[in-house]
Amino acid sequence: MKTQDTYSPRDFMRARRPELFPDSTGVPSSGVDRGQFEYYLESLTQRKEELRFVHFCRRLAEKELCPNLLPQTGPTGGGDSRVDSETYPVADAIAERWYEGSPRRASSERWAFAFSAKKRWREKIESDVAKIANTGRGYTLVYFITSQSVRDKARAATEDALSKRYGVTVKVLDRTWLVETVVNHDRWELVFQTLDVSRPADQPGTVAGPRDVARKNELAELDRLIDDDQRYQDGAYQLIEDCVQTALLARSLGRSRAEVDGRFDRAERLSLERGKRQLFHILYQRAWTTFWWYEDCPEFERLYSRMEALAFESGGVWGAGELVT
């Protein structure tokens, strides 16, 4: 979002502080545009790639909805368990360190997933939800992910009818959701790994910048440390600081906003649960990122209002100084 047609905060910041932005050159695009990917999903059944689609859906759901998904172990079409995938319980100490999906709910509730590339999606969802509900396992949420395009009115009516009939929340995610998620959240690498889509070759002159190489290594190491549930036993402050640093590294690497926001969400969540000592610092870095990197003025104003309230609450001079900055 640009504040004016002739002014870009991002371009201004990049000119002033180039070291905070990616320094790799000649980085290629995904090689697949939105229209091509949408057609690929539409024609899945013609190529008999239903199994690939199921694998893709599960991997995408792990990134967008919940990391704790079990793969299908039985035959195709739901397997012996009547679901294509489901969540498994995860300890709070592990779930609180996730930055993707909905950590608290996904780690404690039982969710079921059904994936389908069939043209008659309505018949398939009614059959799948009936089977899932009849297992009696206490699922609280059922996700039905389809490669078909579903109108909003039909989706809402189907979700409401099935939720009321079986007493479990039903959500339909269609082709539009798949395409928007891949494009907007930069999930192309997952597409290349799971579907029969060729990975583009690097363009001539593609060079990974030295700062980017160092950032990637540091980010990978911090992610490894944060995932270690034995670390930070008495160091909540350092855990939160490391989480903030991963958000800043992802930002400087040019990662998707969904990833950067998810990493900031994690740091904020941990701070709120541990006395809010670092909350002002997290909001400051997030507001800075929101304005100078994403040019999102409404979100910036929302974050500033939260910072202002914290600054007045604490009465500290440092908070007032950062508000002015």
Side-chain angles (χ1 to χ4, degrees), residues 41 44-45 49-148 150 154-178 181 187 190 194 227 229 262 265-266 269 273:
L41 293 175
L44 275 167
T45 56
E49 294 184 4
E50 291 86 350
L51 288 180
R52 287 182 181 271
F53 178 69
V54 168
H55 185 204
F56 163 71
C57 286
R58 182 175 63 81
R59 291 286 305 280
L60 186 62
E62 287 175 339
K63 291 293 185 181
E64 297 294 328
L65 304 173
C66 51
N68 54 324
L69 282 183
L70 291 170
Q72 176 182 305
T73 56
T76 60
D80 296 330
S81 63
R82 305 298 181 187
V83 297
D84 288 322
S85 189
E86 63 180 319
T87 55
Y88 57 88
V90 175
D92 287 344
I94 296 175
E96 70 176 1
R97 303 186 188 191
W98 294 344
Y99 66 88
E100 295 171 322
S102 303
R104 288 304 184 200
R105 289 193 61 195
S107 64
S108 59
E109 298 180 14
R110 196 165 188 180
W111 296 354
F113 287 77
F115 312 128
S116 174
K118 290 187 175 181
K119 296 288 185 183
R120 298 182 176 180
W121 66 270
R122 199 188 302 268
E123 294 178 9
K124 187 66 168 65
I125 188 175
E126 290 180 354
S127 172
D128 285 350
V129 173
K131 292 176 182 177
I132 291 170
N134 289 334
T135 62
R137 296 181 188 137
Y139 294 114
T140 59
L141 179 60
V142 176
Y143 277 107
F144 179 80
I145 303 180
T146 172
S147 63
Q148 304 304 308
V150 180
R155 175 189 53 76
T158 301
E159 289 177 345
D160 292 345
L162 292 176
S163 298
K164 183 177 181 180
R165 186 185 308 167
Y166 296 105
V168 56
T169 302
V170 176
K171 295 291 184 182
V172 178
L173 302 176
D174 71 342
R175 187 195 308 156
T176 299
W177 180 83
L178 294 171
T181 300
R187 301 297 187 189
L190 191 149
T194 59
D227 286 341
D229 61 352
D265 283 341
R266 175 177 62 183
R269 184 174 66 248
E273 293 172 353

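Side-chain atoms are counted along with the backbone in the values below, which use heavy atoms only and exclude waters and symmetry mates. Everything numeric here is computed off the predicted structure, so don't read it as measured data.
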Tightest non-hydrogen contact, residues E100 and K63, listed as CB-O, 3.2 Å

Closer than 4.0 angstrom, basic N to acidic O: yes or no for E50 and K124?
no

To the closest 0.5 Å, what do you measure between OG1 (T181) and CG (L190)?
11.0 Å

Could you pull out the closest heavy-atom pair between Y139 and V168, with the gap in Å?
O-CG2, 3.3 Å

In terms of heavy-atom contacts, R97 and D229 come closest through NH1-CA, 4.0 Å

Are side-chain heavy atoms of R269 and P103 found at a separation under 4.5 Å?
yes

Could you check V150 against W177 for side-chain contact (heavy atoms from CB on, under 4.5 Å), going step by step and ending with a plain yes or no?
CA-CA 10 Å; V150 180; W177 180 83; over 6 Å; no

CD (E123) and CG (D128) are apart, to the nearest 0.5 Å, by 11.5 Å

Side chains of R58 and D84: closer than 4.5 Å at any heavy-atom pair?
no

How far does CD of E273 sit from CG of D92, to the nearest 0.5 angstrom?
8.5 Å

Given L162 and F144, is the side-chain contact (heavy atoms from CB on, under 4.5 Å) satisfied, shown in steps?
CA-CA 11 Å; L162 292 176; F144 179 80; over 6 Å; no

Quick check: does any side chain N or O of R175 sit under 3.5 Å from a backbone N or O of S147, one acting as donor and the other as acceptor?
yes

Indicate yes or no: at least one non-hydrogen side-chain atom of C66 is less than 4.5 angstrom from one of Y143.
no

Closest approach of I132 and R82, non-hydrogen atoms and distance?
CG1-O, 3.5 Å

Please find the pair of heavy atoms, one from T146 and one from L178, that lie closest to each other, and give the distance.
O-CD1, 3.7 Å

If you take all heavy atoms of L69 and S85, which pair is closest and at what distance?
CB-OG, 3.5 Å

R122/E126 salt bridge by N-O under 4.0 Å criterion
no

Validation row: R155, D174 side chains within 4.5 angstrom (heavy atoms)
no

N/O donor to acceptor pairs below 3.5 angstrom from side-chain atoms of residues 112-121, sequence neighbours left out:
unit_1 : atom_1 : unit_2 : atom_2 : d
S116   : OG     : K118   : N      : 3.1
K119   : NZ     : E42    : O      : 3.4

Between T140 and E109, is the side-chain hydrogen bond (donor to acceptor under 3.5 Å, both in side chains) condition met? List the steps.
CA-CA 7 Å; T140 59; E109 298 180 14; 2.9 Å; yes

N68 side chain vs T87 backbone, donor-acceptor pair below 3.5 Å
no

